[in-house]
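Structure, as structure tokens:
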Amino acid sequence: KTTTINMLTGIYAPSGGDCTIYGRSVRDEMPAIRKFTGLCPQHNILWAKVSVAEHLQFYAQLKGLHGAAAATAVRDTIRDIGLEDKADAWAG
């Protein structure tokens, strides 16, 4: 199961065959697929000496957001989950 999920999310390239997600090929259209999919791993993906806002900024950039769009997404997410008072605190 893990290998299949990793191929469907672009972590691993398929060694053969193909699969489509909403009509897009995991072989040829992964950048487009990544715009509407995500993966929540089973292990802790937070770094102890990185702030809440820095974590969100990092993941916003992974999703293709930059500049004002990333800053807005970070601010809105922090507000939506009620962590305004912890935005600059280290996660660990």
Side-chain angles (χ1 to χ4, degrees):
K1 295 180 285 187
T2 301
T3 301
T4 301
I5 294 297
N6 286 337
M7 286 189 291
L8 293 173
T9 57
I11 293 171
Y12 298 152
S15 57
D18 197 4
C19 180
T20 59
I21 300 175
Y22 291 113
R24 299 191 183 264
S25 164
V26 297
R27 277 199 177 277
D28 305 319
E29 300 176 87
M30 190 50 67
I33 291 171
R34 284 189 177 129
K35 290 183 179 183
F36 57 82
T37 61
L39 174 65
C40 183
Q42 294 177 344
H43 53 82
N44 189 353
I45 56 170
L46 299 177
W47 295 281
K49 294 187 177 180
V50 177
S51 74
V52 171
E54 290 167 334
H55 273 97
L56 292 172
Q57 179 71 31
F58 174 77
Y59 288 107
Q61 290 175 347
L62 286 181
K63 295 296 281 184
L65 297 176
H66 301 281
T72 299
V74 168
R75 184 187 65 243
D76 291 350
T77 301
I78 289 171
R79 183 195 65 234
D80 291 348
I81 60 176
L83 288 178
E84 296 94 340
D85 61 326
K86 298 290 185 185
D88 297 316
W90 284 353

I need the Trp90 CH2 to Lys49 NZ distance, nearest 0.5 Å.
5.0 Å

Between Arg24 (side chain only) and Ala32 (backbone N and O only), is there a donor and an acceptor less than 3.5 Å apart?
no

Gap between atom CG of Leu83 and atom CG of Leu56 - 0.5 Å precision
8.5 Å

Between Trp47 and Tyr59, what is the ring plane arrangement, given parallel below 30°, perpendicular above 60°, and tilted in between?
parallel

Say you draw a straight line from CD of Gln57 to CZ of Arg75; how long is it, rounded to the nearest 0.5 Å?
12.0 Å

CG (Asp28) and CG (Asp18) are apart, to the nearest 0.5 Å, by 6.5 Å

In Å, rounded to the nearest 0.5 Å, how long is the span from CD of Glu54 to CG of Asp88?
8.0 Å

Using side-chain contact (heavy atoms from CB on, under 4.5 Å) as the criterion, point out the one residue from Ile78, Asp76, Thr77 that pairs with Val74.
Ile78

Within a radius of less than 6.0 Å around NZ of Lys63, do more than 12 heavy atoms belonging to other residues, nucleotides or ligands occur?
yes

Take atom CZ of Phe36 as the centre, draw a 6.0 Å sphere, and report whether it contains more than 12 heavy atoms from other residues, nucleotides or ligands.
yes

Counting distance only, does the side-chain N/O of Glu29 pair as donor-acceptor with the main-chain N or O of Ser25 below 3.5 Å?
yes

Can any side-chain N or O of Arg79 pair as donor or acceptor with the backbone N or O of Glu84 at less than 3.5 Å?
no

